[in-house]
Every structure is written in structure tokens, then in C-alpha cells.
Amino acid sequence: MTVVDQTMDLCFRSFPCLSDPAQRSSSCLKLVLLLTHLIYAGVLFLFDGDLVEKTKKEPWFTALYLLLFVVTLGQYYAISISNPGYVVDVMKNFNKRNVVHTKKPESSNQPASSKNGSVVISIEGSQPGRTVAGSNATYWSKLVAELHPPGSTVRTWTCTYCNVEQPPRAKHCHDCDKCVLQFDHHCVWLGNCIGQGNHCQFWWYLCEETAVCIWTGFLYLSHLMAHITMVWWQDAIMILLLIALSISLIFLLLLLLFHSYLILTNQTTYELVRRRRISYLRAIPERVHPFSKGVCKNIYSFCCSYSFEPIPTPQEIEEKSRQYTCSDVTTCRCC
């Protein structure tokens, strides 16, 4: 074994996450993002003497900027390790909670397993239940069945990859190899899925990152307008960084507006992009948002309430498809 191989083997043993190509790629992207933030802040304080003098006179200004800077990075790393709402975890907790509150004249323990790890669920009592995908998830099966239209079979909502019964709006992520509730997308920069459990955090991160970019761009412009002819190579570096920052800011603003629209209409990126491939959305007109409950309720559900949403009935879809009238506006139907 060569010295390089020995070094790599030692590195993989010390940092197991680096042995996985996907995690290694995600770790590199996180490092790039961290270094990019530090470079922008470092160049600013290194070249802009006026900002240093202003910091001495008005420390609160720089303190607020650095606080936003640190909070944004902290939010980024918090989301990267957050749980987006894995169906396996929710199923296990749901069944355990129901078992605790169920009277049990008899008890029996039956193991359940899935591709994503072993899940042992204790089903106590003699209540009949059905075995689905190798797990005796009686309570979970009942809940999922009630969310889907009557007459649909278990095969239509059971994941073929991890053998877990999916509630509506859940999807299997091939990068994480798990089913995620209200799956939005898998973010390569975060190395994590965005779903019901962390979509709100992700939106706030976009707001914070956008605010940091705007504030940093303002400081760069202020320095260039005051010292554009002082040191040419410093100005060249700051102009190049400002151009890259402007492109990033445009992307962030578009992403923030896009996710704000999704929130107001109670949609996910996956549902919007792959609408024709999703069975329960295929027959619904494009302009109709079947899970929307009005702007105010959508925002409340996104920020404060995490619940399973049943597939709307044909009557509800017909009501949502109805054209708006003057009376609908006065009664705030859209809210």
C-alpha cells in the first residue's frame, strides 16, 4: 500500500462521512460556501479602512452585520443536519404513541423492518391489522388509508424502494434513500432534503442569505464609489466579487419569490414541476391548487402546523375550480 493510500485510509477512518461520495461532495460544497462568505467579509474589512473607522465610532452597525452573518451560517448548517420529515420516523412515532394510549389485554411484539433501517413497532392487544411491506403498522395503515380516496389499494401508496406506506404528498428521495413528507426537493448545497420538517427553516434561510448579500453589496458599492481611483488592483478584486455577488443575489431573489409563491398556494417544487406524473394531480386543471386552503391558512399551516393532508374529494376540487366573482372578493375567498 502506497503512502497516499495509507493517508486516504487513515482519513476515511477518522472521518467516516468522507468515505461516502455523496457526503464527500456535500461536505466540499459546504466548505466552499463557508469560505465564500469568509472571503467576502475578509476582503471588505481588509480593504475598506472607512468601515473599520466607522466600526470604532459606531460599533452597533458592524455588530448587526456580523450577527446577521453568523446567524445565516448557523441556519445553513442547522438545516443541513435537520430532519425533513422522514416517513419511517413519523410512522414509528405515530404507532408508539397509539400503542401507549391503547388498552392492552394481551401483548405481542412483532418486529418490522425496512430498507432504511430496522424499525421495531410493538402492537399490543388483539386488534386485527394488516401486515404491509413487512411491518405490522396497524395504526399507520389506518391513517394512511383514510387520507387516500376510497377504493384505492395499498399498492398505490406503498413505496417500492423502502416498503413504507406513504401519506399523500410524500416521495422517496433517491439521494437520502428515504421517503420524505411533503417532499420539496433535495438540495445539493445543503446535502439534505427539504420537506415538511424543515421547509419553513429553508425559507427563513433564503431571507437571511438575501439580506446578507444585499448588505454586503451595499458596503462594496459604498467603498468603490468613495475609493474607485485609489488602488487599482483592490478595486479590480472588489468589482469582480461584486459582479459574482450580484449574480448570486438575482438567483437568491428568484428562489425566494418562487418558494414564497409555493407557500401561498400550498404547493411543493416537486408537485409543481412533476404535476403530470403524480397520480392524484394528473386530472386536476393547472390553475387549481388542490391542497390550498386560502392564503392565510396556507401561511399558518406552513409556519405553525404540521399535519397530514388528505387528497381532496371531487366536490372540493370542483369548488376550487369555480371562477372568482365579485362576491368572492368581498368575502375574501382567496384568504
Side-chain angles (χ1 to χ4, degrees), residues 79 82-87 90 144 147-149 152 156-157 159-161 166-176 178-207 209-210 248-314 316-324 333-335:
I79 299 174
S82 64
N83 188 329
Y86 294 123
V87 175
V90 176
V144 174
L147 297 173
H148 287 272
S152 57
T156 61
W157 65 72
C159 177
T160 56
Y161 296 98
Q166 294 179 340
R169 312 189 75 183
K171 181 190 177 295
H172 184 87
C173 175
H174 295 280
D175 295 284
C176 298
K178 291 182 180 179
C179 291
V180 179
L181 294 172
Q182 287 192 26
F183 175 83
D184 189 85
H185 71 285
H186 183 91
C187 181
V188 293
W189 285 96
L190 289 166
N192 196 11
C193 276
I194 303 301
Q196 188 182 62
N198 58 5
H199 199 171
C200 185
Q201 287 178 273
F202 180 73
W203 186 85
W204 280 110
Y205 166 69
L206 291 178
C207 290
E209 192 70 72
T210 302
S248 301
L249 180 58
I250 293 172
F251 173 77
L252 280 170
L253 284 172
L254 291 175
L255 194 60
L256 180 61
L257 290 174
F258 174 70
H259 279 273
S260 299
Y261 166 74
L262 294 178
I263 295 167
L264 296 177
T265 56
N266 195 6
Q267 298 184 86
T268 64
T269 302
Y270 174 70
E271 290 173 343
L272 184 65
V273 174
R274 300 297 181 89
R275 183 164 182 141
R276 291 303 177 188
R277 295 181 58 181
I278 302 174
S279 58
Y280 54 83
L281 295 178
R282 199 174 296 147
I284 300 175
E286 292 284 346
R287 62 181 181 82
V288 177
H289 311 304
F291 296 103
S292 178
K293 299 180 286 290
V295 173
C296 297
K297 290 182 180 179
N298 289 341
I299 295 175
Y300 175 79
S301 298
F302 180 80
C303 298
C304 309
S305 175
Y306 299 99
S307 59
F308 301 112
E309 296 181 274
I311 296 178
T313 63
E316 292 174 329
I317 297 297
E318 185 178 354
E319 175 63 23
K320 294 178 187 292
S321 304
R322 185 169 55 86
Q323 294 288 343
Y324 280 90
R333 176 190 164 193
C334 61
C335 298

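Predicted, not measured: the structure shown is a model, and the values here were computed from it. The figures that follow rest on heavy atoms only: side chains count, while hydrogens, waters and symmetry mates do not.
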| request: Carefully, step by step, assess Glu319 and Arg322 under the rule side-chain contact (heavy atoms from CB on, under 4.5 Å). | output: CA-CA 5 Å; Glu319 175 63 23; Arg322 185 169 55 86; 2.8 Å; yes
| Approximate separation, where rounding is to 0.5 Å, of Leu252 CG and Leu255 CG | 7.0 Å
| query | Considering all heavy atoms of both residues, which atom of His148 and which atom of Pro168 are nearest to each other, and what is their separation? | reply | NE2-CD, 3.7 Å
| query | Yes or no on side-chain contact (heavy atoms from CB on, under 4.5 Å) for Cys207 and Leu256, after CA distance, side-chain angles and deciding distance? | reply | CA-CA 7 Å; Cys207 290; Leu256 180 61; 3.6 Å; yes
| Any Phe291 side-chain heavy atom under 4.5 Å of Thr268 side chain | no
| Can you tell me if CD on Glu318 sees more than 12 non-hydrogen neighbours from other groups inside 6.0 Å? | no
| task | State, with a plain yes or no, whether a side-chain heavy atom of Phe302 is found less than 4.5 Å away from one of Asn266. | result | no
| query | Okay, side chain of Tyr280, backbone of Arg169: is any donor-acceptor separation there less than 3.5 Å? | reply | yes
| task | Give every residue pair that meets the salt bridge (charged side-chain N to carboxylate O under 4.0 Å, His left out) criterion with at least one member in residues 272-285, sequence neighbours excluded. | result | Arg276-Glu286
| request: Show your working on side-chain contact (heavy atoms from CB on, under 4.5 Å) between Leu181 and Phe308 and close with a plain yes or no. | output: CA-CA 9 Å; Leu181 294 172; Phe308 301 112; 3.8 Å; yes
| task | Using a 4.5 Å cut-off on heavy atoms from C-beta on, say whether the side chain of Gln166 contacts that of Phe183. | result | no
| request: Working to the nearest 0.5 Å, report the span between CD1 of Ile263 and SG of Cys303. | output: 6.5 Å
| message | Looking at Phe258, I'd like to know if its CZ atom is crowded, meaning that more than 12 non-hydrogen atoms belonging to other residues, nucleotides or ligands lie closer than 6.0 Å. | response | yes
| task | Calculate, to the nearest 0.5 Å, the distance between atoms CD1 and NE2 belonging to Ile317 and His289 respectively. | result | 11.5 Å
| message | Any side-chain to backbone donor/acceptor pair from Asn298 onto Ser292? Under 3.5 Å, distance only. | response | no
| query | Looking only at heavy atoms, which two atoms of Cys179 and His172 are closest? And how far apart? | reply | SG-ND1, 3.7 Å
| task | Could you check Glu309, His199, Lys171 and say which one makes a side chain to side chain donor-acceptor pair (under 3.5 Å) with Gln182? | result | Glu309
| said: Can you confirm whether the side chains of His174 and His186 place a donor and an acceptor under 3.5 Å from each other? | reply: no
| Test item: Lys178 and Val87 side chains (from C-beta on) under 4.5 Å apart, heavy atoms | no
| Any sub-3.5 Å donor-acceptor pair from Asn198's side-chain atoms to Cys193's backbone N or O? | yes
| Heavy-atom distance under 4.5 Å between the side chains of Ile194 and Val180, does that happen here? | no
| said: Would you compute the distance between atom CG of Leu249 and atom CD of Glu209 and round it to the nearest 0.5 angstrom? | reply: 10.0 Å
| task | Start with the C-alpha distance between Asp184 and Leu262, add both sets of side-chain angles, then the distance that settles side-chain contact (heavy atoms from CB on, under 4.5 Å), and finish with yes or no. | result | CA-CA 10 Å; Asp184 189 85; Leu262 294 178; 3.9 Å; yes
| query | So do Cys200 and Tyr306 actually touch side chain to side chain, heavy atoms under 4.5 Å? | reply | yes
| said: So, taking the atom named CG in Leu206 and the one named CD1 in Ile79, what distance separates them when rounded to the nearest 0.5 Å? | reply: 7.5 Å
| message | Can you give me the closest heavy-atom contact between Glu271 and Ile278, atom names plus distance? | response | CA-CD1, 3.7 Å
